[in-house]
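I'd like to ask some things about the structure below.
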Amino acid sequence: MSRRATLLRHANARTPRYTSYPTAPHFHEGVDGAVMERWLGALDPARPVSLYVHVPYCRSLCWYCGCNTRATTRAEPVAAYLERLLKELELTAARLPGRMAISHFAMGGGTPAILSPDQISRLMDAVRARFDLLPGAELSIEIDPRHFTRADAVGLARNGFTRASTGVQSFDPAVQAAINRIQPWELAAIAFDRLREAGVGAINIDLLYGLPRQSAASARASAEAAADLAPDRLAVFGYAHVPHMMAHQRLIRDEELPDARSRLDQADAMEDALLAAGYQAIGIDHYALPGDSMARALKARTLKRNFQGYTTDPSDVLIGLGASAISALPHGYVQAHSDVRAWGQAVEAGRLPARRGVAVSAQDRLRRAIIEQLMTYLDVDPAALAAAHGLAEPEADLSELEAAGIVRRDGARIIVPRAYRPLARLAAAAFDGYLPASAARHSVSV
Ligand code: SF4
């Protein structure tokens with residue numbers, strides 16, 4: 001069977017993206033604020049942590065959006081949210097075993113850059129009052145080029161931000177109209193100029209394929225136009241159309257969505273354009289310039305996978321703040337209330353706003369390590385990892401994937417050839433001890 005036929009055959013396989021293991025459908029309400037408090041208290045104060053802050057507000061809603069966010073043109077909700085974020089920061093820091101160092105700080109959303117420069121300064125002053133930001137720590141934030149001034153860029157630089165990322169998705173005006181995100185190339189170019197002039201030198205761009213009215217030619221042109229902006233990294237995702245879960249996606253017309261063949265052509269066209277522009281493929285869906293820290297971490301095998309996708313952050317502790325934010329702690333995962341009101345009420349009452357989560361067992365840790373290596377490096381030696389964890393190698397039936405060429409073996413190593421990297425999720429799923437119960441709730445592979 002040709003590569004194309006194999007990819008198409010498995011394109012609709014619903015597998016997790018494995019930004020955690022166990023995956024989010026296995027989170028439950030038994031993990032609450034009291035559990036999180038115990039887990040935070042048991043952290044090793046000598047080891048740096050990663051901090052993530054979620055801001056669920058945008059100026060307008062893009063119809064494809066799958067994030068926990070809402071549109072507002074008013075300043076009050078954002079200002080009220082910041083006050084509660086500062087309170088949550090205090091509540092969380094007070095439960096840590098001591099003053100801790102931060103190796104990586106990220107703000108996502110939503111559009112966290114919706115906070116004014118003064119508001120960002122307040123937040124960062126509070127972070128610095130409670131934590132030690134390590135020299136060389138990466139500070140990143142998502143921005144919206146449609147609402148990004150020179151003062152915003154200067155404010156980010158003043159607060160130590162080193163990286164900005166933005167969802168471009170497509171530069172095709174017809175596609176932009178169909179997803180309610182009118183953002184000409186020139187607008188993105190101006191935003192990036194402002195960032196670079198201010199000193200925020202590292203830039204990420206997200207692109208999507210599978211959008212309404214998108215074709216392979218349109219996808220290729222968008223990837224080429226994005227590469228012309230010289231970002232250090234790009235991520236290319238397939239649009240996940242789940243209108244039953246995201247009501248605003250109903251505004252996207254089903255008949256304008258490309259079929260599986262076209263989606264595959266678009267993904268291939270974008271990859272061709274980015275490789276031709278000098279980017280290196282990373283993991284299942286990322287690209288980086290060879291000198292970027294992500295490309296270097298891939299080579300050194302220090303790259304990791306977490307809720308933000310791939311990360312160069314060496315810490316294995318991620319503390320999330322804000323509505324819906326997920327913390328990844330050595331004992332397990334905890335997610336805050338997604339509902340901003342419920343999250344705010346918990347914080348106002350002086351409680352950690354934990355809504356659900358899951359404890360991680362020794363067996364989970366081993367399977368997570370195997371899955372993470374497959375998703376990041378497209379190869380893994382499960383026996384070596386099992387020995388390192390002091391456990392037996394988990395059983396995994398890869399025979400069908402091997403027969404299809406999606407997986408091959410080299411001694412004890414399991415390898416996903418790069419041509420099949422969109423299907424690495426299938427190989428990872430073979431090591432997922434929970435999958436049968438949750439298979440229907442994940443997005444398609446291509
Ligand atoms: S700006 Fe980003 S987070 Fe906000 S609605 Fe658009 S895609 Fe979603």
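Note that this is a predicted model, so its numbers are computed, not measured. Just follow the structure's listing: the first ligand is 1, and inside any ligand the first atom is 1. Below, all heavy atoms of this structure are taken into account, side chains as well, without hydrogens, waters or symmetry copies.
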Q.
If the cut-off is 4.0 Å to any non-hydrogen atom of Leu61, which atoms of ligand 1 fall inside it?
A. 5 (S)
(Q) With heavy-atom distances below 4.5 Å as the criterion, would you say the side chains of Leu374 and Val416 are in contact? (A) yes
Q: Report the part of Arg181 in contact with ligand 1, treating N, CA, C, O as backbone and CB onward as side chain, heavy atoms under 4.0 Å; options are side chain, backbone, both, neither.
A: side chain
Q. So, do Ile205 and Ser165 sit near enough that their side-chain heavy atoms are less than 4.5 Å apart?
A. no
**Q.** Gln169 and Tyr64 side chains, donor-acceptor separation under 3.5 Å
**A.** yes
Q: Going by heavy-atom distance to atom 4 (Fe) of ligand 1, choose the closest among Cys58, Pro56, Gly110.
A: Cys58
Q | Sub-4.0 Å atoms of ligand 1 with respect to non-hydrogen atoms of Ser60 | A | 5 (S)
Q. Gly66 near ligand 1, heavy-atom distance under 4.0 Å?
A. no
Q) Can you tell if the side chain of Thr302 reaches within under 4.5 Å of the side chain of Arg296, non-hydrogen atoms only? A) no
Q: May I ask you to identify, for Ala71, whether its side chain, its backbone, both or neither come under 4.0 Å of ligand 1 on a heavy-atom basis?
A: neither
Q: Evaluate the side-chain proximity of His337 to Arg356: yes if any heavy-atom separation is below 4.5 Å, no if none is.
A: no
**Q.** Where ligand 1 meets Thr111 - atom numbers and elements under 4.0 angstrom, heavy-atom basis
**A.** 1 (S), 4 (Fe)
Q. Between Tyr209 and Arg263, is there a cation-pi geometry (under 6.0 Å to ring centre, at most 45° from the normal)?
A. no
Q) Are any of the side-chain nitrogens in Arg95 or Glu37 under 4.0 Å away from the carboxylate oxygens of its partner? A) yes
Q: Under 4.0 Å, heavy atoms only, figure out whether ligand 1 is touched by the backbone of Cys62, its side chain, both or neither.
A: both
**Q.** Per-atom contacts, ligand 1 versus Tyr64 - under 4.0 Å to a heavy atom
**A.** 7 (S)
**Q.** Whether Cys65 has an N, O or S atom under 2.8 Å from atom 8 (Fe) of ligand 1
**A.** yes
